[in-house]
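The structure under discussion appears below in the form of structure tokens.
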Amino acid sequence: MLWAICDLVSRGYTFRVVALAGGSHARNSRHYAGLAFDVDTINGIRVNYGNRYWRGFLKRCRELGATETFGPGDRGHSTHIHVAWSK
Ligand SMILES: [Zn+2]
């Protein structure tokens, strides 16, 4: 997962990670296994449906192997995106 974050940075994305491991998440969330992160700001713009960056960001994460991606339009993710990898 960390090399995926580095890849995204190298592609010119700047973003704020608001949760790695820990925090408060759904039971069995992959956050507890350190396999997920949430982002609430991309390239200086808060994540919401009108943010033009999050779709491309999630697409790139899937190309990097992410198997669970949520964002605006998904329940509970109107203001942040969630990206997770499998064990
Ligand atoms: Zn999350």
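What's counted below: heavy atoms across the whole structure, side chains too, no hydrogens, waters or symmetry copies. Just so you know, ligand 1 is whichever comes first in the structure, and atom 1 is the first atom listed for that ligand.
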Just say parallel, tilted or perpendicular for the rings of F15 and F37, cut-offs at 30° and 60°. parallel

Restricting H82 to its N/O/S atoms, the closest one to the Zn ion (ligand 1) is ND1

Angle in degrees, rounded to 10°, that NE2 of H31 and OD1 of D38 form at the Zn ion (ligand 1): 100°

Inter-residue atom distance R62.CZ - L64.CG, 0.5 Å rounding: 11.0 Å

Let me check something: do F70 and V39 share a hydrophobic cluster, defined by ILVMFWY side-chain heavy atoms less than 4.5 Å apart, either directly or through other members? no

Please confirm if an N, O or S atom belonging to H80, backbone or side chain, lies less than 2.8 Å from the Zn ion (ligand 1). no

Polar side-chain atom of N43 near backbone of T14 as donor-acceptor pair, under 3.5 Å: yes

